[in-house]
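In what follows, a structure is listed as structure tokens, so that the remarks can point back to it.
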Amino acid sequence: MAVAMSRTVAEQGGLRRVGMLVDGAWVDASAGGTIAIEAPGTRAAIASVPRGEAEDIDRAVKAAAAAFPAWSKVPPRERGRLLQKIADAVEGRVEELARIIAEETGNAIRTQARPEAKGSADILRYFGGLAGELKGETIPLGEHVLSYTRREPIGVVGAIIPWNAPVLLGCLKIAPALCAGNTLVLKAAEDAPLGVLWVATIANEFLPKGVLNVVTGYGEEAGAALSIHPGVRKLSFTGSTEVGKLIMRAAADHIVPVSLELGGKSPSIVYPDADENWAVDGIIAAMRFTRQSQSCTAGSRLFLHANIFDSFLAKLADKTQKLKIGDPLDETSDIGAIINAKQFNKVCGYVEEGMKQPGARMLFGGLPPKTGPLSQGYYAIPTVFADAANDWRLAREEIFGPVLVAIRWTEEVDAIAMANDSHYGLAAYVWTHDIGRALRAAHAIEAGWVQVNQGLGQSPGHSYGGVKQSGIGREFSLEGMLDSFTHRKNVTVNLGV
Ligand code: ADP
């Protein structure tokens with residue numbers, strides 16, 4: 001039996017214990033298991049969360065199902081107002097949230113964690129403001145027929161999120177799902193659940209019990225149990241393509257709709273006229289070097305025109321090497337630490353492979369230092385391999401770390417063919433002053449999101465998602481909410497009787 005507890009039971013065995021939110025209460029796992037949360041910047045354990053398993057998921061889904069009838073009938077604008085109140089409360093304490101994110105994810109506070117905390121409040125507010133847009137249509141079937149559609153909530157949503165931008169991605173499930181009238185069981189990532197639980201504490205002050213449940217646990221236990229639970233009516237997953245396939249298979253068993261935001265190996269195509277500093281800054285942003293490149297939209301394949309190959313890379317080396325790697329909580333750090341030992345070793349493995357790859361030229365970077373302050377955490381060094389080929393493993397697989405491959409091209413048609421020669425299709429970047437050329441490329445590239453002359457992150461309002469094995473469905477936008485979190489019901493009335 002789970003024990004009701006306050007959100008935080010301070011200092012048990014030296015570790016801060018944080019509960020998970022089920023049916024409006026903060027609880028332990030039924031079986032009593034816990035997961036220690038490690039700070040990637042120091043490798044120190046900072047807290048523990050419940051190791052939720054199938055029984056806990058079952059209670060959370062049942063709580064969400066019980067809360068659904070009343071919540072779905074709350075007028076949409078009222079639901080939206082509640083989300084906006086949560087947004088205001090989060091924003092009022094944004095600094096606290098930023099520190100939690102920096103500590104648990106290793107993402108540098110100035111460049112990543114604080115913008116993520118602010119962005120999360122923005123997401124809650126944006127969707128809160130869309131409540132009035134849950135509109136249906138009337139269909140002109142003739143004078144004596146009234147045919148209309150309603151946008152109805154689907155029911156209990158089971159959502160699973162990763163650790164790379166955990167709070168933003170959590171709010172991207174919470175806000176549209178709840179605004180549309182669904183109730184939610186959100187499975188936080190085992191590596192970074194604290195920020196999401198913190199947001200849940202605030203949300204719980206405003207929402208009826210059971211509307212939002214946030215569970216913690218391992219993917220194969222809690223995540224898998226959520227994906228196969230018969231009470232879940234919609235699955236929304238953000239994470240690796242590998243696990244996305246498992247989620248889709250699980251969804252098939254109960255024929256539930258599924259949205260998947262998966263991996264990427266996004267191309268950046270630089271034309272010869274863009275051998276300029278602004279484009280270099282853009283490439284650094286697109287590659288997400290300041291998030292240790294732990295981003296599915298990272299522009300990790302750099303296609304440089306042969307005429308500017310060396311000069312562009314020289315500028316890139318100069319600017320990237322000036323970025324400061326260090327303590328995520330230090331305001332002067334540009335780059336923080338990789339999330340955990342497993343990812344860190346994986347990234348180092350790719351660097352080693354590049355160093356041994358015949359024909360590869362390591363322009364800068366390399367393996368992390370084994371001594372000194374950076375060896376205290378999972379700090380990887382931005383690394384660029386020049387003269388890469390598009391068929392190398394380094395150019396095909398999602399590394400999820402700061403390893404960039406630079407590939408030469410001379411004909412536009414070849415650059416686009418290489419860009420499209422990937423099983424992924426999430427994001428892409430095109431760099432040129434020639435707008436006609438830019439748009440030609442943007443239209444030819446197989447990706448859900450193409451940016452021209454900028455490498456920024458997503459913002460509320462634009463439809464975000466991938467094609468091919470990068471996913472199904474869209475997020476971040478009104479259409480994302482409507483398509484992913486509602487279904488259309490048609491009502492047809494014979495007015496002739
Ligand atoms: P990463 O390898 O980057 O952690 P994953 O796709 O493995 O990405 O993890 C993303 C989320 O999916 C996490 O919350 C994780 O716990 C969850 N997860 C992992 N494996 C499974 C699984 N078999 N079923 C359901 N969820 C899973």
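In what follows, residues are counted from 1 in the order of the sequence shown. Owing to the predicted nature of the structure, the values given are computational and were not obtained by experimental measurement. In listed order, ligands and their atoms are each counted from 1.
- Taking atom 17 (C) of ligand 1 as the reference point, the nearest protein heavy-atom neighbour is Ile160 CG2, 3.6 Å.
- Inspection of the Thr241 and Gln469 side chains reveals no N or O donor paired with an N or O acceptor under 3.5 Å.
- Screening residues 153-179 for salt bridge (Lys or Arg N to Asp or Glu O under 4.0 Å) gives Lys173-Glu475 as the qualifying pairs, with residues at least two apart or on separate chains.
- Ion pairing between Glu353 and Arg393 holds under the 4.0 Å rule for side-chain N and carboxylate O.
- Shown in contact with Val243 at under 4.0 Å from a heavy atom are these atoms of ligand 1, numbered in order with element: 6 (O), 7 (O), 18 (N), 19 (C), 20 (N), 21 (C), 22 (C), 26 (N), 27 (C).
- By the 6.0 Å and 45° rule, Lys346 does not stack over the aromatic ring of Phe400.
- Within the listing of ligand 1, atoms 6 (O), 11 (C), 12 (O) sit less than 4.0 angstrom from a heavy atom of Phe237.
- Closest to atom 1 (P) of ligand 1, if we only count protein heavy atoms, is Trp163 NE1, 3.6 Å.
- For atom 18 (N) of ligand 1, the nearest protein heavy atom (residue, atom name, distance) is Gly219 CA, 3.3 Å.
- For ligand 1, the atoms lying closer than 4.0 Å to a non-hydrogen atom of Gly223 are 24 (N), 25 (C), 26 (N).
- Listed by atom number, the atoms of ligand 1 under 4.0 Å from Glu190 heavy atoms are 13 (C), 14 (O), 15 (C), 16 (O).
- Within a 6.0 Å radius of CZ in Arg233, no more than 12 heavy atoms belonging to other residues, nucleotides or ligands are found.
- In this structure a side-chain-to-backbone donor-acceptor pair under 3.5 Å is present from Thr383 to Ile381.
- Phe400 does not count as a contact of ligand 1, since none of its heavy atoms falls under 4.0 Å from the ligand.
- Taking atom 14 (O) of ligand 1 as the reference point, the nearest protein heavy-atom neighbour is Ile161 O, 2.7 Å.
- Considering backbone and side-chain N/O atoms, Ser240 comes within less than 3.5 Å of an N/O atom of ligand 1.
- Note: Phe476 and His462 have parallel aromatic rings, judged against thresholds of 30 and 60 degrees for the angle between ring planes.
- A salt bridge does not link Asp88 to Lys85: none of the charged side-chain nitrogens sits closer than 4.0 Å to a carboxylate oxygen.
- The protein reaches atom 5 (P) of ligand 1 closely, with a heavy atom under 4.0 angstrom from it.
- Sorted by first and then second residue, the salt bridge (Lys or Arg N to Asp or Glu O under 4.0 Å) pairs involving residues 185-209 (not counting sequence neighbours) are Asp23-Lys209, Lys187-Glu190.
- Distances below 4.0 Å separate heavy atoms of Leu246 from the following atoms of ligand 1: 23 (N).
- At least one heavy atom of Ile247 sits less than 4.0 Å from an atom of ligand 1.
- Electrostatic pairing of Asp58 and Lys62 counts as a salt bridge here, judged by a charged N lying under 4.0 Å from a carboxylate O.
- Set against the non-hydrogen atoms of Ala224, the atoms of ligand 1 under 4.0 Å away are 24 (N), 25 (C).
- Residue Lys187 places at least one N or O, backbone or side chain, under 3.5 Å from an N or O of ligand 1.
- Looking at ligand 1, you won't find any N or O of Ser227 less than 3.5 Å from one of its N or O atoms.
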